Amino acid sequence: EIQLVESGGGSVQAGGSLRLSCAAIGDSFKRYDMAWFRQGPGKEREGVAAISPGRFSVYADSAKDRFTISRDNSKNTVFLRMNSLKPEDSGVYYCAAERADGDLPLVATEYSFWGQGTQVTVSS
């Protein structure tokens with residue numbers, strides 16, 4: 001069992017940066033794969049990045065070279081650093097967790113625990 005709380009969202013101009021944080025409440029954070037998803041108005045939830053307990057990471061094509069996912073297992077926290085933001089990056093960003101099982105998918109149905117989301121708005 002784990003609870004997730006996102007923070008760090010806000011409004012920025014195109015080309016700007018944000019760092020999102022996800023604080024996990026529970027005793028087994030280091031056993032979970034962690035991921036970030038986002039959902040814009042009228043769109044399906046899409047995977048952005050994921051990271052394993054050993055800090056192996058994967059990225060969506062739209063995020064690679066601009067976003068960096070990281071985690072601090074001693075602080076039960078996962079981060080998403082977003083650089084060179086574009087208007088199409090706008091949406092609600094969700095933190096998600098799943099007990100590590102050897103894979104690292106960017107598929108929402110593969111994750112069992114979710115935060116409430118934090119809004120990111122990028123203006124042109």
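Just so it is clear, the model here is predicted, and its values are computed rather than measured. Scope of the values below: all heavy atoms of this structure, side chains included, with no hydrogens, waters or symmetry mates. For the single chain, residues carry numbers from 1 onward in sequence order.
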Rounded to the nearest 0.5 Å, how far apart are CZ of R71 and CZ of F29? 4.0 Å

Between the CG atom in L104 and the OG atom in S52, the distance rounded to the nearest 0.5 Å is 6.0 Å

Check whether any side-chain heavy atom of V12 sits under 4.5 Å from a side-chain heavy atom of T121, and report yes or no. no

Please check if the side chain of D72 supplies one atom and the backbone of S74 the other of a donor-acceptor pair under 3.5 Å. yes

Just wondering, do M82 and Y93 contact through their side chains at under 4.5 Å, heavy atoms? yes

Could you check whether any side-chain heavy atom of V120 comes within less than 4.5 Å of a side-chain heavy atom of S90, counting everything from C-beta outward? no

Just say parallel, tilted or perpendicular for the rings of F113 and Y32, cut-offs at 30° and 60°. perpendicular

So how far is it from S70 OG to F79 CZ, rounded to the nearest 0.5 Å? 6.0 Å

State, with a plain yes or no, whether a side-chain heavy atom of W114 is found less than 4.5 Å away from one of R45. yes

Give, for atom CG of L20 and atom OG1 of T118, the distance between the pair rounded to the nearest 0.5 Å. 6.0 Å

Would you check if E46 and F37 make a side-chain contact, meaning some heavy-atom pair closer than 4.5 Å? no

Quick one: side chain to side chain donor-acceptor pair (under 3.5 Å) partners of D89, sequence neighbours excluded? R38, R66

In terms of heavy-atom contacts, does CG of D101 have more than 12 from other residues, nucleotides or ligands at under 6.0 Å? yes

Distance-only side-chain donor-acceptor flag, E98 / S112, under 3.5 Å: yes

Does a side-chain heavy-atom distance below 4.5 Å link Y59 with T68? yes

Step through the shown structure and confirm whether more than 12 heavy atoms of other residues, nucleotides or ligands are within 6.0 Å of CZ on R31. no

How about Q116: does its CD atom have over 12 heavy atoms from other parts shown lying under 6.0 Å from it? yes

When the aromatic ring centroids of W36 and F67 are compared, is their separation below 6.0 Å? no

Specify the closest pair of heavy atoms between S21 and T77, including all atoms of both residues, with the distance to one decimal. CB-CG2, 4.5 Å

V58-M34 co-clustered via ILVMFWY side chain contacts under 4.5 Å: no

Go through L85 and L18 one step at a time and tell me if the side-chain contact (heavy atoms from CB on, under 4.5 Å) criterion holds. CA-CA 8 Å; L85 283 163; L18 285 172; 4.2 Å; yes

Supply the atom-to-atom distance D33 CG to Y111 OH, rounded to the nearest 0.5 angstrom. 5.5 Å

Could you list the residues that satisfy salt bridge (charged side-chain N to carboxylate O under 4.0 Å, His left out) with E110, not counting sequence neighbours? none

Which value, rounded to the nearest 0.5 Å, describes the distance between L4 atom CG and C22 atom SG? 4.5 Å

Tell me whether Q3 contacts the main-chain N or O of I25 through its side chain, where contact means a donor paired with an acceptor under 3.5 Å. no

Is a donor on one side and an acceptor on the other found under 3.5 Å between the side chain of N76 and the backbone of A23? no

Counting only heavy atoms not in E44, do more than 12 fall under 6.0 Å of its CD? no

Are N83 and S17 linked by a side-chain donor-acceptor pair shorter than 3.5 Å? yes

Contacts of S84 meeting side chain to side chain donor-acceptor pair (under 3.5 Å) (sequence neighbours excluded), chain-then-number -> none

Are side-chain heavy atoms of I51 and V78 found at a separation under 4.5 Å? yes

